[in-house]
Participant: 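Could you have a look at this structure, given as structure tokens, before my questions?
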Amino acid sequence: MLLPAMKNLFTLKLSLILTSLLLLSACSSIQYQGVHVNKQGRTIVSAIDEYDNKKIQELKQAIMTLGPNIVESEAQFVAREAVLYPKVLANRYQLMSPPLYHNVLVNYGKRPRGLCYQWTHDMGKQINKPMKSLQFYHAVAFRRNYWREHSTLVVTAKNKGVADGIILDPWRNSGVLFWSHVKDDKKYPWVQFTN
């Protein structure tokens, strides 16, 4: 017969184990087949589904509204890479969902990369090519607040600031691009990142 204190301890341990299993069962590995970057630095996807194609077109149209002189081919390139390149990064990062769980894995050395600032850096390297009409910023919200700080890439028309741009945030939805005009993102107060 278990003593009351031992019974309570046993019940507590069992509850913690069951809760942990429940939480971990909600976590999932994300892997994309048929995606890579070619020698020209363009993301190649064996089959672009209707959802991604629609998202690319909507983002391109939004980028075109950033200013009167946006070059259409630049808007198309940015939109396509912003939607598709996160699939390449998800594979490289051995991505797990949700994002905060993946952050824990990165911080404990169980995954190579995938913190929000790393998404921002890697997306910037892929997308931030010399352009006539667009420029990019590393934006940050809640700077130096360990639990809330978040980084993302922002695209703007040339000579415009972060507040006039569009967020390109693949971290928020575990590799599926979230985009929005900066002013419309009520979750994060974005500003340009400075050291």
Side-chain angles (χ1 to χ4, degrees), residues 23 26-28 30 43 51-52 55-56 58-67 70 74-75 77-129 131 133-195:
L23 288 173
C27 298
S28 61
I30 297 172
T43 302
Y51 173 79
D52 284 344
K55 198 168 198 172
I56 291 167
E58 289 172 350
L59 179 55
K60 174 190 167 190
Q61 290 308 314
I63 293 170
M64 293 296 296
T65 67
L66 290 175
I70 303 299
E74 292 179 354
F77 171 79
V78 171
R80 187 178 188 285
E81 290 300 312
V83 171
L84 300 178
Y85 188 65
K87 296 174 187 299
V88 172
L89 292 179
N91 290 348
R92 287 183 186 165
Y93 296 163
Q94 302 166 28
L95 192 64
M96 296 292 292
S97 180
L100 292 176
Y101 177 66
H102 188 81
N103 282 9
V104 170
L105 294 175
V106 172
N107 288 327
Y108 279 95
K110 302 298 182 190
R111 291 292 185 272
R113 290 175 70 80
L115 303 176
C116 61
Y117 78 89
Q118 293 166 331
W119 281 98
T120 301
H121 178 264
D122 294 346
M123 288 282 290
K125 278 178 51 180
Q126 178 68 14
I127 296 174
N128 190 4
K129 309 294 183 197
M131 296 190 185
S133 64
L134 299 173
Q135 68 184 55
F136 300 88
Y137 292 98
H138 178 162
V140 65
F142 304 112
R143 180 83 167 121
R144 293 188 173 88
N145 180 325
Y146 181 78
W147 294 106
R148 296 183 72 194
E149 183 174 322
H150 185 37
S151 290
T152 197
L153 192 65
V154 171
V155 60
T156 69
K158 280 277 191 200
N159 303 315
K160 296 288 185 174
V162 167
D164 299 313
I166 293 175
I167 301 158
L168 304 175
D169 185 0
W171 176 88
R172 193 182 306 199
N173 294 326
S174 295
V176 175
L177 182 72
F178 170 87
W179 70 268
S180 146
H181 288 275
V182 170
K183 65 181 184 279
D184 295 333
D185 187 4
K186 304 304 181 206
K187 189 169 182 176
Y188 295 101
W190 297 109
V191 295
Q192 183 176 349
F193 175 83
T194 55
N195 288 330

Participant: Testing the basics here: between Trp171 and Pro99, what is the closest heavy-atom pair and its distance to 0.1 Å?
Facilitator: O-CG, 3.2 Å

Participant: Could you pull out the closest heavy-atom pair between Ala75 and Leu134, with the gap in Å?
Facilitator: N-CD1, 4.1 Å

Participant: Quick one: CG on Leu89 to CG on Leu95, what's the gap to the nearest 0.5 Å?
Facilitator: 9.5 Å

Participant: Tell me, do Met123 and Phe136 make a side-chain contact under 4.5 Å, heavy atoms counted?
Facilitator: no

Participant: Could you give the side-chain donor-acceptor pairs of residues 151-159 under 3.5 Å, partners two or more places apart or in another chain?
Facilitator:
unit_1 : atom_1 : unit_2 : atom_2 : d
Ser151 : OG     : His138 : NE2    : 3.0
Thr152 : OG1    : Leu168 : O      : 2.9
Lys158 : NZ     : Met131 : O      : 3.0

Participant: Check whether the side chains of Asp122 and Tyr93 place a donor and an acceptor atom closer than 3.5 Å, and report yes or no.
Facilitator: yes

Participant: If you define the side chain from C-beta out and look only at heavy atoms, does anything of Tyr85 sit under 4.5 Å from Ile127?
Facilitator: no

Participant: Hey, what do you get for CZ (Phe193) to OG1 (Thr120), rounding to the nearest 0.5 Å?
Facilitator: 10.0 Å

Participant: Below 4.5 Å, heavy atoms only, C-beta onward: do Trp190 and His150 meet side chain to side chain?
Facilitator: yes

Participant: Please round to the nearest 0.5 Å and tell me the distance separating atom OH of Tyr137 and atom NZ of Lys160.
Facilitator: 10.5 Å

Participant: Do any N or O atoms from the side chain of Glu74 and from the backbone of Ser133 form a donor-acceptor pair under 3.5 angstrom?
Facilitator: yes

Participant: Mind checking the CG-NZ spacing from Asp169 to Lys187? Nearest 0.5 Å is all I need.
Facilitator: 9.0 Å

Participant: Are any of the side-chain nitrogens in Asp185 or Arg172 under 4.0 Å away from the carboxylate oxygens of its partner?
Facilitator: yes

Participant: Is the NZ atom of Lys129 crowded by more than 12 outside heavy atoms at less than 6.0 Å?
Facilitator: yes

Participant: Taking the side chain as C-beta and beyond, is there a heavy-atom pair between Asn107 and Leu115 under 4.5 Å?
Facilitator: yes

Participant: Are the side chains of Ile30 and Val176 in contact, using a 4.5 Å heavy-atom criterion?
Facilitator: no

Participant: For the CG atom of Asn103 and the CZ atom of Arg111, what is their distance to the nearest 0.5 Å?
Facilitator: 12.5 Å

Participant: Side-chain contact, heavy-atom cut-off 4.5 Å: Gln94 with Leu105?
Facilitator: no

Participant: Nearest 0.5 Å, please: how far is CD in Glu81 from CD1 in Ile56?
Facilitator: 9.0 Å

Participant: Does the side chain of Val88 reach to within under 4.5 Å of the side chain of Arg92, using non-hydrogen atoms?
Facilitator: yes

Participant: Going by heavy atoms in the side chains, are Val182 and Asp164 under 4.5 Å from each other?
Facilitator: no

Participant: Can you see which heavy atom on Gly67 is nearest to which on Ile70, and at what distance?
Facilitator: O-CG1, 3.4 Å

Participant: Using 30° and 60° as the class limits, which term best fits the ring planes of Trp179 and His181: parallel, tilted or perpendicular?
Facilitator: perpendicular

Participant: Are the side chain of His102 and the backbone N or O of Met96 linked by a donor-acceptor pair below 3.5 Å?
Facilitator: yes

